[in-house]
Engineer: 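The structure's right below; bear with me while I get my questions together.
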Amino acid sequence: MTDTATLAGKVALVTGAGRGIGRAIAERLAACGARLVVHYGSSEEGASATADAIRQGGGEAIIHRADISRRGEVQALFAAIDAAFGRIDIVVNSAGVSGGGNLAELDEDQLEWMLGVNLRGPLFVASEAARRLGEGGRIVNLSSSLGEFPMAGSGIYSATKVAIKSFTESWAKELGKRGITVNTVIPGATAPGMMDSAPPGFRAFFEQASPFGRIGTAGEIAEVVAFLASPAASWVSGAHILANGAANT
Ligand SMILES: NC(=O)c1ccc[n+]([C@@H]2O[C@H](COP(=O)([O-])OP(=O)(O)OC[C@H]3O[C@@H](n4cnc5c(N)ncnc54)[C@H](OP(=O)(O)O)[C@@H]3O)[C@@H](O)[C@H]2O)c1
């Protein structure tokens, strides 16, 4: 458990914070004292629920919608952050989409969608963040254990999640000169989150793949992000932290 005052005075953006892992991260950073920008794409009700939960805990939060695959919408998101808080300290790229399919039946629309949300999105967000973050700033990117252990049919998703690790390493080198850290968290199968909509049998498959006999919780991923966002992680940068209960998937 990270100290509850470690992020006092900081402003944090979590993308995709209306549900799943993003929601848990937003609530955890708020519990550490950060003021939250709860971003969402289509889950307005979920984002409002996240912000309400933060406010009920004594924190501060605004919500803002943006399709992160569109640069103009990401620029508008940051303009709203400028107007509301006048600063940004922590940026968590959690929003992401998964999908699969056979190589022989490649669907170009699905390809564009996944590249848009999983690659262009974090890039647009980080580019705006890079113009604003100061000394002590933090970027945390969410990858996936399916990048480490690709499965049949997961090729596009796995490739986007490996690519985000390259973003992390490059951005860490560029932004480290300004005292900003950039890291990756690599969750294994996690709920609430994408596992909730996985095909039947997937959950059991991932449960048996871990010696713990279960999948992870969004709260467990949020704890790792909270550490990386904290001042305690000042010397951790360009790192990829696997949080998957020692599963081999
Ligand atoms: N859960 C897992 O098992 C697992 C495992 C490994 C890695 N991960 C990674 O963890 C991250 C969070 O996943 P999750 O499990 O929380 O997924 P999730 O429950 O399916 O939520 C996906 C999130 O992405 C947002 N999003 C999707 N398309 C968007 C777009 N075009 N613009 C803006 N936001 C968009 C959604 O926002 P709206 O609902 O508002 O549209 C939603 O908040 C992802 O990067 C994922 O790859 C998850």
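Order of appearance sets the numbers: ligands from 1, and atoms from 1 within every ligand. Remember, it's a predicted structure, so these values are computed and weren't measured experimentally.
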Engineer: A side-chain contact here means heavy atoms from C-beta on lying under 4.5 Å apart; do Asp196 and Arg19 qualify?
Structural biologist: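 Sidechains of Arg19 and Asp196: no contact.
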Engineer: Which protein heavy atom lies closest to atom 37 (O) of ligand 1, and at what distance to 0.1 Å?
Structural biologist: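 Minimum-distance protein heavy atom for atom 37 (O) of ligand 1 reads Gly41 N, 3.7 Å.
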Engineer: Between ligand 1 and Ala189, can you find any atom pair, the residue atom being a heavy atom, that is separated by under 4.0 Å?
Structural biologist: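 In this structure, Ala189 qualifies as a contact of ligand 1 - some heavy atom is under 4.0 Å.
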Engineer: Considering only heavy atoms, which of Gly116, Gly18, Gly16, Ser94 lies nearest to atom 44 (C) of ligand 1?
Structural biologist: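 Closest candidate by heavy-atom distance is Ser94.
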Engineer: Could you tell me which atoms of ligand 1, counted from 1 in the order shown, lie closer than 4.0 angstrom to a heavy atom of Ser144?
Structural biologist: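 The atoms of ligand 1 under 4.0 Å from a heavy atom of Ser144 are 6 (C), 7 (C).
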Engineer: Report the nearest protein non-hydrogen atom to atom 14 (P) of ligand 1: residue, atom name, distance rounded to 0.1 Å.
Structural biologist: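 The protein heavy atom lying closest is Met194 N, 3.8 Å.
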Engineer: To the nearest 0.1 Å, how far is atom 18 (P) of ligand 1 from its closest protein heavy atom, and which atom is that?
Structural biologist: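 Checking every protein heavy atom, the shortest distance to atom 18 (P) of ligand 1 gives Arg19 NH1, 3.6 Å.
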Engineer: Are Val14 and Val38 side-chain neighbours, meaning at least one heavy-atom pair lies under 4.5 Å?
Structural biologist: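 No - every pair of side-chain heavy atoms lies 4.5 Å or more apart.
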Engineer: How far is atom 29 (C) of ligand 1 from its nearest protein heavy atom, and which residue and atom name does that atom have?
Structural biologist: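 The answer is Val117 CG1, 3.8 Å.
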Engineer: May I ask whether Gly188 has any heavy atom positioned less than 4.0 angstrom from an atom of ligand 1?
Structural biologist: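 Yes; Gly188 lies near enough to ligand 1 that a heavy-atom distance drops under 4.0 Å.
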Engineer: With a sphere of 6.0 Å drawn around CD of Glu45, does it hold more than 12 non-hydrogen atoms of other residues, nucleotides or ligands?
Structural biologist: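 No - once you tally the heavy atoms of other residues, nucleotides and ligands closer than 6.0 Å, there are 12 at most.
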Engineer: What is the nearest protein non-hydrogen atom to atom 32 (N) of ligand 1, stated with its residue, atom name and distance?
Structural biologist: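 Here the closest protein heavy atom is Ile68 N, 3.1 Å.
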Engineer: Tell me whether Lys161 reaches ligand 1 (any heavy atom closer than 4.0 angstrom to a ligand atom).
Structural biologist: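 Yes, Lys161 has a heavy atom closer than 4.0 Å to ligand 1.
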Engineer: Considering the heavy atoms of Gly20, write down every atom of ligand 1 situated less than 4.0 Å from one of them.
Structural biologist: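 Atoms satisfying the 4.0 Å criterion: 16 (O), 19 (O).
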Engineer: Check this for me: Arg70, atom CZ, are more than 12 non-hydrogen atoms of other residues, nucleotides or ligands nearer than 6.0 Å?
Structural biologist: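 No - once you tally the heavy atoms of other residues, nucleotides and ligands closer than 6.0 Å, there are 12 at most.
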Engineer: Can you tell me if CD on Gln208 sees more than 12 non-hydrogen neighbours from other groups inside 6.0 Å?
Structural biologist: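 It does: Gln208 CD has more than 12 such atoms within range.
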Engineer: Students often mix this up, so state it plainly: with edges at 30° and 60°, are the rings of Trp171 and Phe167 parallel, tilted or perpendicular?
Structural biologist: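 Rings of Trp171 and Phe167: parallel, under 30°.
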Engineer: Within the 4.5 Å heavy-atom criterion, are Ser69 and Met114 side-chain neighbours or not?
Structural biologist: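 Not in contact.
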Engineer: So is Ala47 in contact with ligand 1, going by heavy-atom distances below 4.0 Å?
Structural biologist: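 Outside the 4.0 Å threshold, so no.
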Engineer: Which is closest to atom 24 (O) of ligand 1 in terms of heavy atoms, Ser43, Ala17, Gly96?
Structural biologist: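 Nearest option to atom 24 (O) of ligand 1, by heavy atoms: Gly96.
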Engineer: Hey, does Thr181 have a side-chain heavy atom less than 4.5 Å from the side chain of Leu228?
Structural biologist: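 They are not in contact (no side-chain heavy atoms under 4.5 Å apart), so the answer is no.
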Engineer: Might you confirm whether atom CZ of Arg65 has over 12 heavy atoms from other residues, nucleotides or ligands at distances under 6.0 Å?
Structural biologist: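 More than 12 within 6.0 Å, yes.
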Engineer: Heavy atoms only, cut-off 4.0 Å: how does Val97 contact ligand 1, side chain, backbone, both, or neither?
Structural biologist: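 Answer for Val97: side chain.
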Engineer: In terms of atom number and element, which parts of ligand 1 are under 4.0 angstrom from non-hydrogen atoms of Gly193?
Structural biologist: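 Going through ligand 1 atom by atom, the ones under 4.0 Å from Gly193 are 1 (N), 14 (P), 15 (O), 19 (O).
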Engineer: Would you tell me which option among Ala66, Pro187, Ala95 has the nearest heavy-atom contact to atom 33 (C) of ligand 1?
Structural biologist: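 Looking at heavy atoms only, the winner is Ala66.
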Engineer: List ligand 1 atoms under 4.0 Å from Tyr40, heavy atoms only on the residue side.
Structural biologist: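 The list of qualifying atoms is 40 (O).
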Engineer: Below 4.0 angstrom from a heavy atom of His39, which ligand 1 atoms are there? Numbered from 1 as shown, please.
Structural biologist: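 Selected atoms, number and element: 33 (C), 34 (N).
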Engineer: Nearest non-hydrogen atom to atom 10 (O) of ligand 1 belongs to which of Thr15, Ile21, Val14?
Structural biologist: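 Minimum heavy-atom distance to atom 10 (O) of ligand 1 goes to Ile21.
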Engineer: Any salt bridge between Glu169 and Lys165, counting N to O under 4.0 Å?
Structural biologist: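 No, no charged N to carboxylate O under 4.0 Å.
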Engineer: Examine the proximity of ligand 1 to Glu44 and report which part, side chain or backbone, both or neither, has a heavy atom under 4.0 Å away.
Structural biologist: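 For Glu44, there is no contact with ligand 1 at all, from either part.
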Engineer: Using a strict 4.0 Å cut-off to heavy atoms of Asp67, name the atoms of ligand 1 that fall inside it.
Structural biologist: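 Listed by number with element: 30 (C), 31 (N), 32 (N).
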Engineer: Does a side-chain heavy-atom distance below 4.5 Å link Lys161 with Leu146?
Structural biologist: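 SC-SC contact between Lys161 and Leu146 ruled out.
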Engineer: Under 4.0 Å from a heavy atom of Ser42: which atoms of ligand 1 are those, numbered in the order shown and with their elements?
Structural biologist: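 Ligand 1 atoms under the 4.0 Å threshold to Ser42: 38 (P), 39 (O), 40 (O), 41 (O).
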Engineer: Counting non-hydrogen protein atoms only, what is the nearest one to atom 9 (C) of ligand 1? Give residue, atom name and distance.
Structural biologist: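 The closest one turns out to be Ser143 O, 3.7 Å.
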Engineer: Can you sort out which atoms of ligand 1 are near Tyr157, meaning under 4.0 Å from one of its heavy atoms?
Structural biologist: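 By the 4.0 Å cutoff, the relevant atoms are 7 (C), 8 (N), 46 (C), 47 (O).
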Engineer: Could you tell me whether a side-chain N or O of Arg178 sits under 3.5 Å from a main-chain N or O of Ala130, the two making a donor and an acceptor?
Structural biologist: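 Yes, because the side chain of Arg178 sits within donor-acceptor range (under 3.5 Å) of the backbone of Ala130.
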Engineer: Is there side-chain contact between Arg87 and Arg35, with at least one heavy-atom pair below 4.5 Å?
Structural biologist: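 The answer is yes; the side chains approach within 4.5 Å.
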Engineer: I want to check something: taking the side chain as every heavy atom from C-beta on, are Leu142 and Asn93 in contact at a cut-off of under 4.5 Å?
Structural biologist: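 Counting from C-beta outward, Leu142 and Asn93 never come under 4.5 Å.
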